[in-house]
Peer 1: 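One structure is given below, represented as structure tokens, and several questions about it will come after.
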Amino acid sequence: MTIVKHLFELYFLSPEGIMTFLFGVGMVLFLLKRGSKAGPRLLFAGACVYIVVLFTPVADFVAVSLERPFPPFLKAPSTPDVELIVVLGGAGWYDSIMPVRECLEAETTYRVLEGVRLYQQRPQLKLVFSGGTPAGPRHLSIAKLMATYAMSLGVPESNILIEENSKDTHESLVEIRKTVHDGKFIMVTSAYHLRRAMAVARKLGMNPIAAPAWIQGPPDMYRTGFAQLLWSRDTARQVGTARLVRFDLLRQALLEYSGYAWYWGRGWV
């Protein structure tokens with residue numbers, strides 16, 4: 001099931017996979033069936049996908065649609081009844097010869113850094129890292145890797161809690177609920193992931209305060225309405241400019257929307 005899931009994500013939920021499929025099938029049909037129009041049409045469709053993703057802000061707008069509802073904090077929320085800062089796990093691996101910073105993917109590092117930044121502003125709160133054990137017999141849990149990195153940045157071990165029984169967002173929040181119950185807490189995760197995480201938490205009767213990390217949309221998206229964003233300086237500057245990062249943005253957004261749909265189907269949001 002895991003292999004099927006990864007193949008589906010690779011070929012149908014990423015622009016690179018879609019282009020590979022269109023170009024590959026189109027080339028086979030073009031070479032094997034010279035008189036067929038299907039081959040050239042698929043090749044043309046693949047080229048169109050490449051041009052639209054690379055040279056237009058379509059991917060930027062899709063990313064904005066996920067991130068915009070959750071503006072970033074300059075200062076940690078001063079709500080007096082907040083109990084914890086919870087950082088949801090991302091991706092990483094353990095290697096004993098590498099510094100812990102190198103064992104975390106960039107997105108996960110940003111989550112830790114945002115959690116530590118908020119903790120430094122409210123050091124009376126506990127900092128919770130959530131995330132189970134990655135694949136592989138020698139690997140530490142993501143939560144332990146993140147906690148180790150936070151301690152290297154000056155957070156005392158006594159102020160850190162670790163939840164390492166979960167394997168996904170829903171399981172993480174189910175486990176966190178055992179600690180926070182229905183109390184308020186600051187929830188740190190990637191900006192694009194907050195819509196699903198917030199929906200899961202509220203479905204569980206929790207009271208999270210969204211704290212985005214790994215923000216990738218243009219800053220103007222927090223200053224203007226969505227329609228005005230179409231004509232913002234950031235957008236105008238990007239139109240017609242090739243940005244390879246757009247492939248990652250679109251893949252990330254498509255995976256997140258599919259993840260939300262999966263959670264909705266299971267009644268988790």
Side-chain angles (χ1 to χ4, degrees), residues 66-67 69-92 100-101 103-105 107-134 140-215 256 259 263 268-269:
L66 288 169
E67 296 185 358
F70 309 102
F73 294 126
L74 292 180
K75 293 184 179 180
S78 57
T79 309
D81 52 349
V82 168
E83 300 177 4
L84 302 168
I85 300 172
V86 176
V87 182
L88 297 183
V100 66
R101 165 64 184 83
C103 295
L104 297 172
E105 290 192 359
E107 180 179 336
T108 310
T109 300
Y110 273 76
R111 296 186 189 188
V112 176
L113 292 174
E114 180 63 10
V116 171
R117 185 183 74 86
L118 296 175
Y119 166 81
Q120 290 172 342
Q121 296 177 16
R122 297 195 63 179
Q124 74 276 19
L125 302 180
K126 294 288 186 180
L127 188 54
V128 183
F129 293 100
S130 177
T133 305
L140 297 178
S141 69
I142 291 296
K144 281 187 177 178
L145 288 174
M146 293 192 299
T148 302
Y149 184 39
M151 285 187 283
S152 74
L153 298 173
V155 180
E157 185 175 2
S158 59
N159 281 7
I160 291 178
L161 300 176
I162 295 175
E163 180 286 301
E164 53 183 343
N165 296 318
S166 59
K167 298 296 187 294
D168 57 33
T169 302
H170 181 260
E171 289 184 9
S172 287
L173 289 167
V174 168
E175 293 295 323
I176 293 298
R177 194 179 190 284
K178 297 175 183 178
T179 300
V180 74
H181 304 293
D182 59 353
K184 290 185 179 180
F185 65 101
I186 299 170
M187 181 166 63
V188 180
T189 188
S190 303
Y192 73 88
H193 181 235
L194 269 170
R195 177 175 293 187
R196 178 161 45 132
M198 292 290 286
V200 171
R202 288 167 178 160
K203 185 77 171 183
L204 293 170
M206 304 169 77
N207 291 294
I209 299 173
W214 189 244
I215 299 168
E256 189 57 28
Y263 274 36
W268 293 347
V269 297

Peer 1: Is there a side-chain contact between Gln121 and Phe73, using heavy atoms and a 4.5 Å cut-off?
Peer 2: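 In short, these two side chains do not touch, never coming nearer than 4.5 Å.
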Peer 1: Please check this pair: side chain of Arg177 against backbone of Ala201, looking for a donor-acceptor N/O pair closer than 3.5 Å.
Peer 2: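 Answer holds: no.
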Peer 1: Distance from Ile209 atom CD1 to Met198 atom CE, nearest 0.5 Å?
Peer 2: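 Here the rounded value is 8.5 Å.
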Peer 1: Under 3.5 Å, side chain of Ser141 to main-chain N/O of Lys144, donor-acceptor pair present?
Peer 2: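 The answer is yes, because a donor-acceptor pair under 3.5 Å joins these two groups.
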Peer 1: State, to 0.1 Å, how close Gly115 and Val87 come at their nearest heavy-atom pair, and which atoms those are.
Peer 2: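 Minimum heavy-atom separation between Gly115 and Val87: CA-CG2, 3.9 Å.
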Peer 1: Minimum heavy-atom separation for Gly92 to Ile142, with atom names?
Peer 2: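 What the structure gives for the nearest pair is N-CD1, 3.1 Å.
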Peer 1: Mind listing the closest non-hydrogen atom pair of Ala150 and Ile160 along with its distance?
Peer 2: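 Looks like CB-CD1, 4.2 Å.
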Peer 1: Within the structure provided, determine whether Lys184 and Val82 are in side-chain contact (heavy-atom separation under 4.5 Å).
Peer 2: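 Lys184 vs Val82: side chains touch.
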Peer 1: Quick one: does Thr179's side chain get under 4.5 Å of Phe185's, heavy atoms only?
Peer 2: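 No, too far: nothing below the 4.5 Å cut-off.
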Peer 1: With under 30° as parallel and over 60° as perpendicular, where do the rings of Trp268 and His170 fit, or are they tilted in between?
Peer 2: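 Answer is parallel, since the angle falls under 30°.
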Peer 1: Check for a donor-acceptor pair, side chain of Arg111 on one end and backbone N or O of Gly89 on the other, with a separation under 3.5 Å.
Peer 2: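 Confirmed, Arg111 side chain pairs with Gly89 backbone.
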Peer 1: Verify side chain to side chain donor-acceptor pair (under 3.5 Å) between Ser166 and Glu171, making sure each step is shown before the conclusion.
Peer 2: CA-CA 5 Å; Ser166 59; Glu171 289 184 9; 5.4 Å; no
Peer 1: What closest approach, in Å, do Leu127 and Phe129 show between heavy atoms, and which atom pair accounts for it?
Peer 2: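 What the structure gives for the nearest pair is CD2-CZ, 3.6 Å.
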Peer 1: Could you tell me the separation between the CD1 atom of Ile215 and the OH atom of Tyr110, rounded to the nearest 0.5 Å?
Peer 2: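 Ile215 CD1 to Tyr110 OH: 10.5 Å, rounded to 0.5 Å.
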Peer 1: For the pair Leu173 and Met187, evaluate side chain to side chain contact (heavy atoms under 4.5 Å, CB included) and give the outcome as yes or no after the intermediate values.
Peer 2: CA-CA 10 Å; Leu173 289 167; Met187 181 166 63; 3.7 Å; yes
Peer 1: Answer yes or no: is there a side-chain heavy-atom contact under 4.5 Å between Leu113 and Tyr149?
Peer 2: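 Yes, their side chains come closer than 4.5 Å.
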Peer 1: Just verifying a value: how many Å separate Met151 CE and Asn159 CG, rounded to the nearest 0.5 Å?
Peer 2: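 These two atoms lie 11.5 Å from each other.
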Peer 1: Quick check: closest heavy atoms across Pro212 and Ala191, and the distance to 0.1 Å?
Peer 2: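 Pro212 and Ala191 have their closest heavy atoms at CB-CB, 3.7 Å.
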Peer 1: Report the residue from Glu107, Glu256, Glu67 that forms a side-chain hydrogen bond (donor to acceptor under 3.5 Å, both in side chains) with Tyr192.
Peer 2: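 For Tyr192, the side-chain hydrogen bond (donor to acceptor under 3.5 Å, both in side chains) check succeeds only for Glu107.
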Peer 1: Would you find more than 12 non-hydrogen atoms of other residues, nucleotides or ligands less than 6.0 Å from Tyr263 atom OH?
Peer 2: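 Atom OH in Tyr263 is crowded, with more than 12 foreign heavy atoms closer than 6.0 Å.
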Peer 1: Within the supplied structure, the quantity of interest is the number of heavy atoms (other residues, nucleotides, ligands) at a distance under 6.0 Å from Gln124 CD; does it exceed 12?
Peer 2: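 Buried by this count: over 12 neighbours within 6.0 Å.
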Peer 1: Is Tyr119 close to Leu153 at the side-chain level, that is, under 4.5 Å between some pair of heavy atoms?
Peer 2: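 Contact flag for Leu153/Tyr119 side chains = no.
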Peer 1: Is there a side-chain contact between Trp214 and Glu114 in this structure, where contact means two heavy atoms from C-beta onward sitting under 4.5 Å apart?
Peer 2: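 Counting from C-beta outward, Trp214 and Glu114 never come under 4.5 Å.
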Peer 1: Which value, rounded to the nearest 0.5 Å, describes the distance between Glu163 atom CD and Leu88 atom CG?
Peer 2: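 Reported to 0.5 Å precision, the distance equals 9.5 Å.
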Peer 1: Hey, does the side chain of Lys126 reach the backbone of Ser158 with a donor-acceptor pair shorter than 3.5 angstrom?
Peer 2: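 Looks like yes, one N/O pair under 3.5 Å.
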Peer 1: Could you tell me the separation between the OG1 atom of Thr148 and the CD atom of Glu157, rounded to the nearest 0.5 Å?
Peer 2: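 Thr148 OG1 to Glu157 CD: 8.5 Å, rounded to 0.5 Å.
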Peer 1: With rounding to the nearest 0.5 angstrom, report the CD to CG distance, Glu164 to Leu145.
Peer 2: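 The distance works out to 10.0 Å.
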Peer 1: Indicate the atoms forming the closest heavy-atom contact of Ala143 with Ile162, along with that distance.
Peer 2: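 Between these two residues, the closest heavy atoms are CB-CG2, 3.6 Å.
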Peer 1: Going through the checks in order, is the side chain to side chain contact (heavy atoms under 4.5 Å, CB included) test met by Met206 and Ile176?
Peer 2: CA-CA 10 Å; Met206 304 169 77; Ile176 293 298; 3.9 Å; yes
Peer 1: Mind checking whether Thr79 and Ile186 have side chains closer than 4.5 Å, heavy atoms only?
Peer 2: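 With C-beta onward as the side chain, the pair stays apart.
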Peer 1: Looking at Arg122 and Ala76, would you say the former's side chain and the latter's main chain have a donor-acceptor pair under 3.5 Å?
Peer 2: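 No.
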